[in-house]
Amino acid sequence: MYIGNLKKTKNRTNKEMNIKEKFNLEGKVAIITGASKGIGKAMALAFGQSGAKVVVSSRNQEALDEVIAKFAKENIDATAIAAKVGDATSMQQLVEKSIAKYGGVDILVNNAAANPSFGPVQNTDGDVFDKIMNVNVKGPFELAKLLYPTMVERGGGSIINVSSIGGISPEPMLGIYSVSKAAIISLTKVMGKEWGKDNIRANVICPGLIKTKFSEALWSNEKTVNHMLRAQPIQRIGESDDMAGLALFLASEASAYCTGATFTADGGYTI
């Protein structure tokens, strides 16, 4: 076992900190993509309630404005910046505007995703494949790279990538989507291994079936739901709020010793 930094590590573990302080995000700035609704919105709210300044982003500026109007009622400092994940210019502007507003960024949640195809993998054409991989894998990769310098400058950061249980075991009729979600799990491990020296942690959340607009085709199908619940110890469909606590843990000092890890939040479906 490597012990070159043992003295530094020992000093850290000897520092007592109230558990509430570990979950406190005051002074932190977070960018959450796909944050106009569903899981991303729930995570942004949790971060804001825990003291972070939040940049909520999605393609729809009007929907984002509605989100921050609601956040303002809770005295959450939030900014809405529309951006298309996967579009290089749009992501560059998102980062530049966020840094101009808040001086830097400490937390990135790559939550935005695309799945324009539902059916057998042999029916997925090349253009659809490219779109899925561009939004679900390349976009998070490029956005994390753009934020790497500011995180290093601020002494570290936390990257939270949102995958899916389909990234662990391919979901029927969601072949290339599952491929993309497996890729983001692997990318997270790469980030965790390479950027740990910079005090930048990267972890990935794999939700199960969550009741969001994105997954409506699944949870609105009674046959699909019954099939999943038969194999699931917690007998209900997940809600967006079920993801927020885990994201808060990964964004905060409470998870300071976690990087490159995969966390499932699926009611036990993958057990």
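We count residues from 1, following the sequence as given.
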Spatial distance of atom CD (E26) from atom NZ (K53) [nearest 0.5 Å]: 8.5 Å
Nearest 0.5 Å please: distance from the CZ atom of F263 over to the CG atom of L250. 5.0 Å
Looking at every heavy atom in both G48 and V54, which two are closest together, and how far apart are they? N-CG1, 3.9 Å
For G155, does its backbone N or O pair with a side-chain atom of N199 as donor and acceptor, under 3.5 Å? yes
Scanning both residues in full, the closest heavy-atom pair of A78 with F71 reads CB-CD2, 3.9 Å
Under the criterion side chain to side chain contact (heavy atoms under 4.5 Å, CB included), which of I81, L94, V109 is the partner of I31? L94
According to a hydrophobic-cluster definition based on side-chain heavy atoms being under 4.5 Å apart (Ile, Leu, Val, Met, Phe, Trp, Tyr only), do M91 and I107 belong together? no
Would you please test I39 and M43 for side-chain contact (heavy atoms from CB on, under 4.5 Å) and show each step? CA-CA 6 Å; I39 291 173; M43 290 178 176; 3.4 Å; yes
Considering only heavy atoms from C-beta outward, does the side chain of K193 approach that of K189 to under 4.5 Å? no
With side chains defined as the heavy atoms from C-beta onward, is the minimum distance between K41 and V56 less than 4.5 Å? no
For D242, enumerate each residue passing the side chain to side chain contact (heavy atoms under 4.5 Å, CB included) test, keeping only those at least two apart in sequence or located in another chain. R236, E239
Flag, side chain of S255 to backbone of S252, donor-acceptor distance under 3.5 Å: yes
I'd like to check L229 versus V225 (side-chain heavy atoms, cut-off strictly below 4.5 Å). Are they in contact? yes
To check you understand the geometry: which heavy-atom pair defines the closest contact between N134 and G86, and what is its length? ND2-O, 3.2 Å
Look at atom CD of E62 and say whether more than 12 heavy atoms of other residues, nucleotides or ligands are closer to it than 6.0 Å. no
Does L147 share a hydrophobic cluster with V55, counting links as ILVMFWY side-chain heavy atoms below 4.5 Å and allowing steps through other members? yes
Passing candidate, side chain to side chain contact (heavy atoms under 4.5 Å, CB included) with V121, options L174, I176, V179: I176
Where do S163 and C206 come nearest, in terms of heavy atoms and distance? CB-SG, 3.8 Å
ILVMFWY network linking I168 to M228, side-chain heavy atoms under 4.5 angstrom: no
Sequence-distant partners of L187, side chain to side chain contact (heavy atoms under 4.5 Å, CB included), two or more places apart: F141, I184, M191
Distance check, rounded to the nearest 0.5 Å: N203 atom CG versus I159 atom CD1? 10.0 Å
Could you tell me if the side chain of Y177 sits less than 4.5 Å from the side chain of E171, heavy atoms only? no
Take F129 and S117 through the test side-chain contact (heavy atoms from CB on, under 4.5 Å) and record every step on the way to the result. CA-CA 9 Å; F129 179 95; S117 176; over 6 Å; no
Atom CG in N60, atom CD in E66: separation rounded to 0.5 Å? 8.0 Å
Nearest 0.5 Å please: distance from the CG atom of L25 over to the OG atom of S50. 5.0 Å
Do the side chains of Q49 and E74 get nearer than 4.5 Å, heavy atoms only? yes
Is there a donor in the side chain of N161 and an acceptor in the side chain of T188, or the other way round, less than 3.5 Å apart? yes
Are a donor atom and an acceptor atom from the side chains of T79 and Y102 found within less than 3.5 Å of each other? yes
Hey, could you give me the CZ/CD1 distance between R154 and I200, rounded to the nearest 0.5 Å? 12.0 Å
Check: K138 side chain, V135 main-chain N or O, donor-acceptor pair, under 3.5 Å: no
May I ask you to test the I185-K181 pair for a side-chain heavy-atom distance under 4.5 Å? no
Nearest heavy-atom neighbours spanning G192 and A202: N-CB, 3.8 Å
Does K223 have more than 12 heavy atoms from other residues, nucleotides or ligands lying within 6.0 Å of its NZ? no
Minimal non-hydrogen separation, S178 against P170, with atom names: OG-CA, 3.6 Å
Beyond-backbone contact of D266 with Q232, side-chain heavy atoms, under 4.5 angstrom: no
Hey, any chance I76 and V29 share a hydrophobic cluster, counting ILVMFWY side chains that come within less than 4.5 Å of each other, even indirectly? no
Is any side-chain heavy atom of P207 closer than 4.5 Å to one of M243? yes
Just by modelled atom types, is the C258 backbone N or O under 3.5 Å from a matching donor or acceptor in the R201 side chain? yes
Strictly distance-based, threshold 3.5 Å: is any side-chain N or O of T33 a donor or acceptor partner for the main-chain N or O of A112? yes
For a side-chain contact (heavy atoms from CB on, under 4.5 Å) check, start with the C-alpha distance between D106 and M151, then their side-chain angles and the critical distance, and finish with the verdict. CA-CA 6 Å; D106 308 280; M151 287 187 176; 5.9 Å; no
side-chain contact (heavy atoms from CB on, under 4.5 Å) between N110 and L143, worked out: CA-CA 8 Å; N110 281 310; L143 194 50; 3.6 Å; yes
Aromatic plane relationship, Y148 with W195 - under 30° parallel, 30 to 60° tilted, over 60° perpendicular: tilted
Is there a path of hydrophobic side-chain contacts, each under 4.5 Å between heavy atoms, that joins L246 and L248? yes
